[in-house]
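Have a look at the structure below, then the notes.
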Amino acid sequence: MADLAGFREYLESLGRAELTVRGYVQDMRDFARWFEGTNGVELSPERLTSQDVREYRQHLLAVRRAKPALVNRRIAAIRAYVRWGRREGLIQGNPLEGVRPVREQERGPRWLTRQERNALLRELELMVQGARTAHWRVQAIRDRAVVLLMLHAGLRVGELVSLEVGDIELGERSGEVRVRHGKGGKERTVPLNAEVRRALREWLEVRPKVESPHLFVGKGGGRLRDSGVQRRVAEIGRRAGVELTPHVLRHTFARMLVEAGVGLERVAALLGHESLDTTKVYLTPSMADLQEAVERVSG
């Protein structure tokens with residue numbers, strides 16, 4: 001199997017999120033298995049050709065019947081691999097020449113409907129009320145603050161787990177969170193509404209007295225990890241009857257801003273987007289929006 005340790009280190013040096021790094025490495029492992037099975041040699045940057053990438057793209061589409069989003073994600077991983085190879089001086093040409101992404105139906109990312117948001121908020125409240133021990137109550141209060149901070153401030157999971165207690169400012173009528181480790185190393189400050197401020201105050205009151213400066217800590221006193229947050233969010237969503245991820249919470253925050261009439265420039269600033277083109281996706285109907293439109297004309 002191809003050695004992808006150098007590729008992983010390259011992605012980490014760019015400040016990519018842990019989830020992105022794992023995804024790209026896993027995608028390249030799949031490509032490496034196909035490459036070795038097809039060519040009879042182990043994948044390495046200097047052996048990669050545009051013919052390989054085109055054949056792999058066709059293999060995904062015709063043999064595996066992969067969806068366009070998956071095919072494009074695999075191509076994106078190979079593109080990152082090529083950039084790494086060029087930086088290391090291992091690739092001279094352009095193995096992606098003539099390789100185009102697969103066209104996808106334009107639709108907005110997955111976000112929660114009003115009904116789903118209500119179900120989620122109800123579950124968060126029940127978690128705290130129904131906690132049977134002091135330990136479970138502390139965890140429920142923490143998890144509620146985690147979810148509400150992503151839902152009402154749009155934080156990425158990596159940004160959330162990097163927060164320190166000093167990054168939060170809570171006043172009587174206002175509050176804010178300072179994101180010091182945003183994507184690309186950029187900082188931003190996001191105002192906090194009353195619901196989030198209340199949840200954070202409750203968490204700070206019960207937060208374990210540990211030396212860690214991180215805002216959200218686990219049972220052992222160490223900071224929460226991306227994977228831990230993702231698991232807890234998915235479990236809370238399951239209990240609420242909602243398909244839930246940190247990305248869905250962030251997308252929901254953005255969509256709520258757009259529906260409230262907030263201009264794209266301010267939405268982009270709150271999300272930490274460098275380009276308005278990235279933010280414009282929230283103007284595109286989601287699958288739920290399309291489903292609702294179809295239901296309106298049913299007999």
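No path of Ile, Leu, Val, Met, Phe, Trp and Tyr side chains, each step under 4.5 Å between heavy atoms, connects W136 with V147, placing them in separate hydrophobic clusters. One hydrophobic cluster, built from ILVMFWY side chains closer than 4.5 Å, cannot hold both V53 and V63; they sit in different ones. I236 and L126 are assigned to two separate hydrophobic clusters, defined by single-linkage of ILVMFWY side chains at heavy-atom distances under 4.5 Å.
Note that CG of L163 and CZ of R223 are 10.0 Å apart. Values are rounded to the nearest 0.5 Å. Note that the CG atom of L124 and the CG atom of L148 stand 5.5 Å from one another [nearest 0.5 Å]. Atom-to-atom distance recorded for F31:CZ and L43:CG is 5.5 Å, nearest 0.5 angstrom. Summarising the geometry, atom CG belonging to L257 is positioned 11.0 Å from atom OG1 belonging to T252; distances are rounded to the nearest 0.5 Å. Rounding to the nearest 0.5 angstrom, the gap separating the CG atom in L192 from the CG atom in L149 is 6.5 Å. R180 CZ to D167 CG: the interatomic distance, rounded to the nearest 0.5 Å, is 4.0 Å.
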Q.
For a side-chain contact (heavy atoms from CB on, under 4.5 Å) check, start with the C-alpha distance between M150 and L244, then their side-chain angles and the critical distance, and finish with the verdict.
A. CA-CA 12 Å; M150 288 189 284; L244 200 63; over 6 Å; no

Q: Apply side-chain contact (heavy atoms from CB on, under 4.5 Å) to V146 and L160, showing your working.
A: CA-CA 8 Å; V146 164; L160 181 132; 4.1 Å; yes

**Q.** Audit row: L204, L215, side-chain contact (heavy atoms from CB on, under 4.5 Å) steps and yes/no
**A.** CA-CA 8 Å; L204 290 174; L215 177 62; 3.7 Å; yes

Q: Report the C-alpha distance between E169 and R178 in whole Å, list the side-chain angles of each, state the deciding distance to 0.1 Å, and finish with yes or no for side-chain contact (heavy atoms from CB on, under 4.5 Å).
A: CA-CA 8 Å; E169 290 188 16; R178 184 162 65 100; over 6 Å; no

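Scanning both residues, A77 and D27, for their nearest heavy atoms gives CB-CB, 3.7 Å. Residues V82 and P95 approach most closely at CG1-CD, 4.0 Å, considering heavy atoms. The shortest heavy-atom contact between R117 and L112 is NH1-O, 3.3 Å. In this structure, P68 and V102 approach most closely via the heavy-atom pair CB-CG1, 3.7 Å. For the pair L271 and G154, the tightest heavy-atom approach, listed with the atom from each and the gap, is CD2-O, 4.3 Å. Taking each heavy atom of G221 and S212 in turn, the nearest pair found is O-CB, 3.4 Å.
The ring-ring contact (aromatic ring centres under 6.0 Å, His included) search around Y81 returns F7, W84, not counting sequence neighbours. With sequence neighbours excluded, no residue satisfies side-chain hydrogen bond (donor to acceptor under 3.5 Å, both in side chains) with Y10. With sequence neighbours left out, the salt bridge (charged side-chain N to carboxylate O under 4.0 Å, His left out) criterion links R239 to E123. For E88, the side-chain hydrogen bond (donor to acceptor under 3.5 Å, both in side chains) test picks out no residue, with sequence neighbours left out.
Between the side chain of D52 and the backbone N or O of T49 there is at least one donor-acceptor pair closer than 3.5 Å. Between the R54 side chain and the E97 main chain, a donor and an acceptor come within less than 3.5 Å of each other. The closest donor-acceptor contact from the side chain of R57 to the backbone of R100 lies under 3.5 Å.
Residues L19 and Q230 meet the side-chain proximity criterion, which asks for heavy atoms closer than 4.5 Å. Residues R156 and V179 are not in side-chain contact: their nearest non-hydrogen atoms beyond the backbone lie 4.5 Å or more apart. A heavy-atom distance below 4.5 Å is found between the side chains of V138 and W203. The shortest distance between side-chain heavy atoms of L151 and L121 falls below 4.5 Å. M28 has its side chain within reach of I78: a pair of non-hydrogen atoms, C-beta onward, lies under 4.5 Å apart. Side-chain contact between V161 and R225 is absent, with no heavy-atom pair separated by less than 4.5 Å. Looking only at side-chain heavy atoms (C-beta outward), N94 and R86 come within less than 4.5 Å of each other. Using a 4.5 Å cut-off on side-chain heavy atoms (C-beta onward), H152 and M256 make contact.
Heavy-atom neighbours of Q129 CD from other residues, nucleotides or ligands within 6.0 Å: above the threshold of 12. No more than 12 heavy atoms of other residues, nucleotides or ligands sit less than 6.0 Å from atom CZ of R122. Under a cut-off of 6.0 angstrom, the local environment of CZ in R73 is crowded, with over 12 non-hydrogen atoms contributed by other residues, nucleotides or ligands. When the shell of 6.0 Å around CD of E243 is examined, it contains 12 or fewer heavy atoms from other residues, nucleotides or ligands.
Between Y56 and W34, the ring-plane angle classifies as tilted under the 30° and 60° cut-offs.
Residue pairs meeting the ring-ring contact (aromatic ring centres under 6.0 Å, His included) criterion with at least one member in residues 225-270, sequence neighbours excluded: H247-H251, H251-Y282. Applying the salt bridge (Lys or Arg N to Asp or Glu O under 4.0 Å) rule to pairs touching residues 190-209 yields R144-E202, sequence neighbours excluded.
For the pair R22 and D226, the salt-bridge criterion is not met [side-chain N within less than 4.0 Å of a carboxylate O]. R188 has a carboxylate O that lies under 4.0 Å from a charged side-chain N of E159, or vice versa, which qualifies the two as a salt bridge. Using a cut-off of 4.0 Å between Lys/Arg side-chain N and Asp/Glu carboxylate O, E235 and R232 are scored as not salt-bridged.
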